[in-house]
Amino acid sequence: MNVTTRFAPSPTGRVHIGNMRVAIYNWLFARHAGGRFLLRIEDTDRERSTPEAVRGLLEVMEWLGLDYDGEALYQSQRVEAHLEAAERLLRSGKAYRVDKGGTGRGEAVVFRMPGRAIVFRDEIKGALRKEADDLPDFVIVRSDGSPVFHLANVVDDAYMGVTHVIRGDDHVENTFRHVALMEALDLPIPRYAHLPMIVNAQGKPYSKRDGDAYAAQFREKGYLPEALFNYLVLLGWSPGDDREVMSREEIVRLFDLDRVRSAPSQMDPRKLLWMNAEYMRALPLERFMEGCRKELVKAGLLEGVEEDYFRRAMDLMRGRVKLFREVVADAAFFFTEDYHFDSKAVRKRLLREGACEHLRSVEERFGQVETFAAGVLEDVLRTLADEKGIKAAELIHPVRVAVSGLGHGPGLFEMLEVLGRQRVLERIRRARRTYCEG
RNA sequence: GCCCCCAUCGUCUAGCGGCCUAGGACGCCGGGUUCUCAUCCCGGAAACAGGGGUUCGAUUCCCCUUGGGGGUGCCA
C-alpha cells in the first residue's frame, strides 16, 4: 500500500517536544512503509504566524534528520481551493450561511452535520463513535471570508494525497468533524492515528509556558539529535522487546503504529540525559570534537590552541561528558592556566599531611624523565611511591588536583602527557607555592 | 455540566487468560573493578488504582467507582 503522511504544524511559536514527536512518528511511519512524508505549514492564522517560527521549525526538523519529500506546502496559498470547497458544500445544501451567534459581523459559512452518528477507526484507539446529538454544525468559513482550520485541513490532506493522519490526541474530537466534511466533499478518507500527549514532570500537559520543553533548547544545551529522537520515540512506543538504544535504521525497521500506547506519557529528563550519554560515548572523535569546540570557543578557551593538542585533549574527555556543555568546566584546565580549583578537592588532596612533600618529590622526579610519556611517568611515580612506602594514590591525587584543579577527570598519566612537561612542572610548582607556604 | 479517551514499579515500558513468586530500562540504595570521576560488573528496594462480575483460572475480558487527559471557539 502506498503511504503518505504529513506533518502540519502552525508556525506560531517555538516547536515543543509534543509537536516534535508527532513529526517523528509521521516520519517513521512513512519511512518504514517506504512512503512519502510531507510538510505543510498551516499559516492561516496570519496574526500569529511568523517567518521566524517557520525558520525555527525547519531548523529543528533538519537537526533531527526529519527530511520531507517535495516542497513544503504553505496553507495560506491554498485559500482559493478551500473557499471553492465551501462553495460546493453551499451549492449542495451541505452548508449554509448564517450570522452565527448574531454577532452582527456578517454571515459565516456553517457546515451542516449529516444528522447521524460518525464512526471511524483509529489506528491506535480502535473504533470511535460519536452520536449526532454530540456533533453540532460548525463554521468552516468565517464572516471575514477566511477558511477555518477544519476546512483547510481536510481539503489539503486530500490535495496532498495523505493516506495516514498521525497527530496529537487533542485532535480526536475534530476527526469526527473532518470525517463528516470529507464525506460531504466526496474526498477519500485517510486513516487516523491519535498519539497520546506528552505530559511534564507535574503530570500536566506541556504548555507554551514549560520553559524546557522546546526542541531547540535541547539542541542549545548540547543534546545529540539522535539521542532526543531515540528518547522521544520511546515515549509511547516500544519495539516489544527490551531494546531501547537503537539506531535510526533499526527504529525505522521496527516502527509500527500497532505498538503505540494510548495513555499519556511523562517526559523524564534524567532518562533523556542518560540516553544522551549513551550516544555521546559512541560518538566518533571528530563529531565529539566539533560539539566540544563550539562550547569551548564560546567560553573563549580555544584561542591559539593547536589542533593536534585540542584533539588529544578531547580524546581523553570523550566518554566522560553527558552533555557538550560540561566540557567547559571539566576540560578548561587543558587550555588555560587560569583554571578553577575545586575547593573540596583542594581540601581533600592538597591541604593534607604530606601532600606538599609528595608534590615536591614528584616534581623532582618528573623533571628528570627523558620522555614525558604516560607510561614513563606512571613507572616513575609508582617507583617513587614504593620508595616512600605509600600507595600510588597518595601521589596521584595531589598531582591531579595541582594540574587540573579537579578531583575527577581522565586517567592522570595520559592527562600529564597531553599537558606536557612544562605545563605540568609549572603547575605543580605553582600549587606548592599557593598551598604549601614555606 | 455534557461527550470521548486512558489507567502495570517514582518515570518510560514488556505483558494481548495459565509461561507472572509480573520482565527490562532510567533514577535510587548497597557491593566490586579503577589513580579520581565516569564507564563497566554484581546485588537490592520499588507496580498490576479500588470494587464487583465472567472463568477451573485473571495484570490480561465485562461493568461500576475513583483518578488522569482531551474536547465542548467565526484558535489550530
Side-chain angles (χ1 to χ4, degrees), chain A residues 8-12 42-45 47-49 75 98-101 103 105-110 122 124-126 128-131 133-136 138-150 152-153 167-177 194 196-199 201 203-205 231 234-245 258-259 261-275 277-278 280-281 317 319-322 326 330 345 348-349 378 381-382 385 391-401 404 406-413 415:
Chain A
S10 51
T12 55
E42 304 211 330
D43 57 345
T44 50
D45 188 342
E47 296 289 297
R48 297 192 296 147
S49 299
Q75 196 158 58
V98 68
D99 180 1
K100 196 163 176 264
T103 59
R105 272 183 282 166
E107 292 189 319
V109 179
V110 176
D122 188 281
I124 293 167
K125 298 175 181 304
L128 260 26
R129 175 191 177 89
K130 196 96 169 173
E131 298 304 325
D133 287 351
D134 297 319
L135 291 166
F138 59 97
V139 173
I140 52 176
V141 179
R142 299 185 189 87
S143 50
D144 68 1
S146 63
V148 166
F149 160 74
H150 304 294
N153 193 272
R167 59 194 354 179
D169 239 353
D170 49 337
H171 283 297
V172 176
E173 307 284 323
N174 289 335
T175 306
F176 295 102
R177 296 187 180 84
H194 290 93
M197 311 300 277
I198 297 178
V199 297
K204 297 294 174 192
Y231 178 75
L234 256 19
L235 235 42
W237 175 85
S238 84
D241 52 32
D242 293 339
R243 272 179 283 189
E244 291 202 313
V245 179
D258 291 350
R259 295 200 57 82
R261 298 196 10 124
S262 49
S265 40
Q266 193 175 95
M267 168 101 187
D268 182 2
R270 289 172 308 184
K271 185 154 185 175
L272 204 212
L273 189 61
W274 163 80
M275 180 79 75
E278 288 290 306
M280 278 288 213
R281 270 190 285 281
M317 293 309 293
R320 320 188 67 87
V321 294
K322 287 183 158 77
E326 293 171 358
D330 288 349
K348 196 171 170 196
R349 307 297 189 190
E378 179 157 11
L381 185 138
R382 287 191 188 279
K391 288 165 83 175
E394 293 288 312
L395 299 175
I396 288 170
H397 293 312
V399 173
R400 169 187 298 288
V401 178
S404 76
L406 301 171
H408 62 269
L412 180 72
F413 305 105
M415 205 163 97

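Within every chain, numbering begins at 1; the chains are lettered A, B, ... in the order of the sequence lines, protein sequences first and strands thereafter. For clarity, every value in this text was computed on a predicted model and none was experimentally measured.
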Name the closest nucleotide to the [X] side chain, picking from [options].
| X | options | result |
| --- | --- | --- |
| A/R281 | B/A76, B/U39, B/A25 | B/U39 |
| A/L235 | B/A25, B/C12, B/A76 | B/C12 |
| A/L128 | B/C5, B/C3, B/C37 | B/C5 |
| A/R177 | B/G23, B/U72, B/C12 | B/U72 |
| A/R142 | B/U13, B/C3, B/C75 | B/C75 |
| A/P264 | B/C6, B/C26, B/A76 | B/C6 |
| A/E278 | B/C75, B/C5, B/C40 | B/C40 |
| A/R270 | B/U11, B/C35, B/G27 | B/G27 |
| A/F413 | B/C35, B/G69, B/G24 | B/C35 |
| A/H171 | B/A25, B/A76, B/U13 | B/A76 |

I want to check one thing: is the phosphate of [N], taken as OP1 and OP2, less than 4.0 Å away from some side-chain N or O of [X]?
| X | N | result |
| --- | --- | --- |
| A/S238 | B/A14 | yes |
| A/R259 | B/A14 | yes |
| A/R261 | B/C6 | no |

Does any donor atom in the side chain of A/S10 or A/R48 lie under 3.5 Å from an acceptor atom in the other side chain? no
For [X], which contact category applies under a 4.0 Å heavy-atom criterion: base, sugar-phosphate, or nothing?
| X | answer |
| --- | --- |
| A/V148 | sugar-phosphate |
| A/K130 | base |
| A/A392 | nothing |
| A/G240 | sugar-phosphate |
| A/P410 | base |
| A/L234 | sugar-phosphate |
| A/N174 | base |

Search all heavy atoms of [X] against all heavy atoms of [Y] and return the closest pair with its distance.
| X | Y | value |
| --- | --- | --- |
| A/L381 | A/L395 | O-CD1, 3.6 Å |
| A/Q75 | A/N153 | NE2-N, 3.8 Å |
| A/D169 | A/K125 | OD1-CE, 2.8 Å |

For A/D144, is there an ion pair with A/R142 - N to carboxylate O distance below 4.0 angstrom? no
A/M267 has an atom CE; how far is it from atom P of B/G27, in whole Å? 14 Å
Expressed as a whole number of angstroms, how long is the span from A/W274:CH2 to B/U11:P? 18 Å
Which nucleotide, if any, forms a Watson-Crick or G-U wobble pair with B/U66, using both distances under 3.5 Å? B/A7
Hey, which of these two, A/D43 or A/E244, hits RNA chain B nearer its 5' end, going by closest nucleotide? A/E244
Determine whether any donor atom in the side chain of [X] lies under 3.5 Å from an acceptor atom in the base of [N], or the reverse, and answer yes or no.
| X | N | value |
| --- | --- | --- |
| A/S262 | B/C5 | no |
| A/R400 | B/C35 | yes |
| A/N153 | B/A76 | no |

Which distance, rounded to the nearest 0.5 Å, do you find between the CD of A/E173 and the NE2 of A/H194? 9.5 Å
